[in-house]
There are 2 protein chains.
Amino acid sequence: MITIKEVARHAGVSMSTVSYVLSGKRTISEETKRRVEQSIVALGYHPNAGARALASNRSQVLGLVVPLRSGVNMPVIMQFVASIVASARDHDYDVLLLTKEAGPGEAHRVTARSMTDAVIVMDVESDDPRIPELRTVDAPVVLLGMPDDHEVLSCVDLDFATAGRQMAGHLADLGHSSIALIGSPPAVYERGTSYAARLLAGFRGEAGKRNLQASVHPCEPGYDSVAACLDEVLAPGRDTTGLVVHNEAILGTLLLELRRRSLDVPGDLSVITLCPDDVAENLPVPLTSIAVPAQELGAIAVEMVMARLAQEHAPEVRLLQPQLTDRGSTAAR
Amino acid sequence: MITIKEVARHAGVSMSTVSYVLSGKRTISEETKRRVEQSIVALGYHPNAGARALASNRSQVLGLVVPLRSGVNMPVIMQFVASIVASARDHDYDVLLLTKEAGPGEAHRVTARSMTDAVIVMDVESDDPRIPELRTVDAPVVLLGMPDDHEVLSCVDLDFATAGRQMAGHLADLGHSSIALIGSPPAVYERGTSYAARLLAGFRGEAGKRNLQASVHPCEPGYDSVAACLDEVLAPGRDTTGLVVHNEAILGTLLLELRRRSLDVPGDLSVITLCPDDVAENLPVPLTSIAVPAQELGAIAVEMVMARLAQEHAPEVRLLQPQLTDRGSTAAR
DNA sequence: CGGCGGAATGGGAGCGCTCCCAGAGCATTA
DNA sequence: TAATGCTCTGGGAGCGCTCCCATTCCGCCG
C-alpha cells in the first residue's frame with residue numbers, strides 16, 4: 001500500500017504538504033502542487049479512509065435507514081435512495097445502507113462507532129417509535145417524512161396535507177360534488193404512516209369546506225381488491241364522479257379495470273393521483289397528478305445534513321409545496 | 001468519546017485485554033471478561049471504526065454496486081439488496097451503497113481507499129464492460145449474474161438456461177405445440193443482459209428439441225405494448241396455447257388483458273412465468289412459476305465473499321437450479 | 001540595516017485501535 | 001528442586017493520516 005509518506009518522499013516535500021494539497025486547507029504554490037499531484041498519479045496513491053477518519057474525526061459516510069417493508073412502493077423508495085446517493089457523492093460522501101428491520105439501534109450503532117457522520121431516515125411514521133431514540137444520536141439526523149412530533153428533529157417532506165386539499169379542491173373546482181379517495185393498504189394507515197394520514201386529513205378538510213360528499217377507501221394491491229374497491233366507490237346512489245388515488249401500485253390495475261367496465265376517463269370519471277411524474281405519464285391513461293419530487297426531496301435532505309455537519313443548526317422542517325400537472329384525466333362536470 | 005483505554009482503566013486491566021475480550025481472539029478468564037463487559041456497559045463504550053480499520057486493516061464493510069437503471073424490476077432488486085444487507089450483518093459487516101451510474105470506478109475507489117473489504121456487483125451483463133476493471137480490484141469481488149467471460153471472477157446466479165428449458169419443457173410435456181415467450185423490454189436484450197439472453201437460449205433450445213413452434217416477443221411495460229404483444233402472440237394461424245413470461249412488471253397487466261379478452265387461464269391459454277414467489281402468488285390468477293430466489297442468491301453471494309475474505313479462493317461459478325411451483329395456470333392440451 | 005508581515009513549507013504528536021512479544025503465576029513432570 | 005508447559009495478562013509499537021506549531025525566506029518600511 002502506498003502511503004502519504006511515500007508520496008511525500010517521491011515529490012520531495014513533507015507529509016503535511018501532501019496532505020494539504022489533497023485537502024486544499026492551505027495554499028500551496030502551483031509548482032509544488034503540480035509535483036505532488038504527479039507523484040500521486042505516478043505511485044497510484046489512494047488515501048486510506050480509516051486513517052483519515054481516525055485523524056480527522058470524519059468518516060465521509062452518511063447512514064441511510066431504508067424501509068424494506070410491505071406496502072411501500074419500491075420504485076419510489078429507490079428514487080429517493082438514488083437521489084440521496086448521488087447528492088451525497090456530490091459532497092464527497094458515501095452512503096451506508098441500514099435497514100429498518102435490523103432494528104432501530106442501527107442509527108445509534110453506526111454513529112457511536114463513528115462509521116457515519118450523520119444519518120438520514122426514510123419513511124418516518126406519525127408516531128414513530130424511533131424518534132426518541134434518534135434524538136439521542138450524537139450526530140445530525142434528518143428525517144424524510146414528518147412525524148407528529150416534529151419539533152425535535154429536522155425533517156423534509158412533501159406537504160401532503162396541502163396535496164390532499166389541492167386534489168379535492170381541483171375536483172371541486174371542476175364542479176364535482178361526490179368524490180372518493182382510494183388510498184394505500186389499510187396496514188399503512190394502521191401503523192400511522194405520516195404522509196398517508198396527512199394527505200387524508202387535507203382531503204377530508206377540503207371536501208368538508210367545499211361541501212363535497214367524500215368517501216375514503218384504503219386498497220390493497222391486487223386485482224380483486226381493486227375491483228372490490230371500485231364496486232364500493234361506484235355503488236349506485238353514490239354518484240361518485242371524481243377519484244383521488246394515493247397508491248402507486250394499483251394505478252395500472254385501476255385504469256384497466258375502469259376500461260373493462262367501459263368507464264371513460266375523464267368522460268365518466270375524473271381521476272387525479274399523487275405519484276412520481278414518470279409513473280403518471282406511462283399509465284394506460286396519463287393521469288393528472290401531483291408529483292412526488294423524490295429527486296428534490298433526497299437532495300434537500302442531503303443539503304440539510306451537510307449544513308448541520310458544517311455547523312450547529314436548530315431542528316428545521318421543510319415542506320415542499322405540491323406541484324399539480326394537468327394531463328387531462330379530470331374534466332368539468 | 002470513551003476509548004478503549006478508559007475502559008481498561010475502569011476495569012483495572014490493560015488495553016489489550018479489553019481488545020481481546022471484544023474480539024475473542026484469545027481466551028480470557030470468565031472473571032476478567034465479566035469485569036470488562038461491565039465497564040463497557042457502564043461507560044457506554046463503542047469501538048471506533050476508523051481506528052479499528054486502520055489497525056486491523058479490515059473495514060468490516062462490503063461495497064454493493066446496485067443498478068438503478070430502467071427496465072430492471074425495482075422490487076426484485078430490493079429483495080436482493082435486503083438479503084445481502086441482512087446476510088452481511090450476520091457476519092458483522094455493513095454495506096456501502098454504490099450506484100452503477102456513478103461510474104465503474106466506484107468499486108475501485110472504495111477498495112483502494114480501504115473503505116470496503118470486498119465488493120458485490122449486481123445485474124451483470126453478458127459482455128459487461130466493468131469486468132476488466134473489476135479484475136484489477138484488489139479485493140474479493142462477487143458478481144450476481146453471469147457474464148460470458150465467467151472464468152475470471154466469482155459469480156452466483158440462477159441457472160436461467162435451465163429455467164428456459166424447463167418452462168418450454170413443462171409446456172411441451174402438457175402437449176402444447178405452439179408456444180411463445182414474452183420477455184423483457186427490447187433494451188434489456190440489446191444491452192446483452194446476461195440472464196435474459198440465457199433464458200432465451202434455453203427456451204429456444206428446448207423448443208427446438210421438442211419440435212415446438214416458438215416465438216419470442218420482447219415487451220415494454222405499459223398497457224398498449226402488452227396489448228400489442230398479445231395481438232402478435234395470439235394472431236390467428238399461430239395457434240399459441242402456451243405462454244412463457246419473463247417480465248415481472250407486466251404480469252398484472254397481461255392477466256387483466258387476457259381476462260378482458262375473455263381468455264381463460266389455463267383453459268384457453270397456459271401461462272408460466274419466472275418471478276419471485278410472492279409476486280406469482282398475488283396476481284389476479286396465481287401463476288405456475290419458477291422462482292427467482294433472491295433471498296438465497298444474496299445470501300450465497302455474501303457467503304462467497306466471506307470465504308474469499310477468510311482465505312484466497314479461485315474464481316467459482318454457482319448456478320442455482322430452478323425450482324418450478326405449479327399453481328395451476330398451465331393445463332394439458 | 002534591523003525589524004516586520006506574509007507566503008510557503010516542514011516536523012511530528014496524536015487520533016484509538018490491534019496484535020506481537022513478553023512475563024507472571026501455577027501445576028505437572030523429571 | 002528445577003525444568004517444563006499451561007493459562008492468563010500487560011506493554012506498547014505502529015497502522016496512515018490531519019493539523020498545530022514552528023521555521024524559512026521573501027520584500028518592504030522606517
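As a basis for the values below, the full set of heavy atoms in this structure was taken, side chains included, without hydrogen atoms, waters or symmetry mates. Within every chain, numbering begins at 1; the chains are lettered A, B, ... in the order of the sequence lines, protein sequences first and strands thereafter.
- Residues passing the side-chain contact (heavy atoms from CB on, under 4.5 Å) test with A/Ala82 are B/Leu68, sequence neighbours excluded.
- Residues passing the side-chain contact (heavy atoms from CB on, under 4.5 Å) test with A/Ala53: none are found, sequence neighbours excluded.
- For A/Glu6, there are no side chain to side chain donor-acceptor pair (under 3.5 Å) partners, not counting sequence neighbours.
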Mark up nucleotides 17-28 of chain C, 5' to 3', with B wherever a protein heavy atom is under 4.0 angstrom from a base atom, S wherever such an atom reaches only the sugar-phosphate, and - elsewhere. BBBBB-------

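- A donor-acceptor pair shorter than 3.5 Å cannot be found between the side chains of B/His91 and B/Gln60.
- Atom pair B/Arg9:CZ and C/dG16:C1' shows a separation of 14 Å (rounding to whole Å applied).
- Contact check, B/Ser29 against D/dT9: a side-chain N or O comes under 4.0 Å of OP1 or OP2.
- Partners of A/Ser16 according to the side chain to side chain donor-acceptor pair (under 3.5 Å) rule, which considers only residues two or more places apart in sequence or in another chain, are A/Ser14.
- Residues passing the side-chain contact (heavy atoms from CB on, under 4.5 Å) test with A/Thr116 are A/Val61, A/Leu96, A/Val110, A/Thr111, A/Val119, sequence neighbours excluded.
- Between the CD atom of B/Glu31 and the P atom of D/dC8 there is a distance of 13 Å, given to the nearest Å.
- Rounded to whole Å, the distance from CD1 on A/Ile28 to C1' on C/dA7 is 11 Å.
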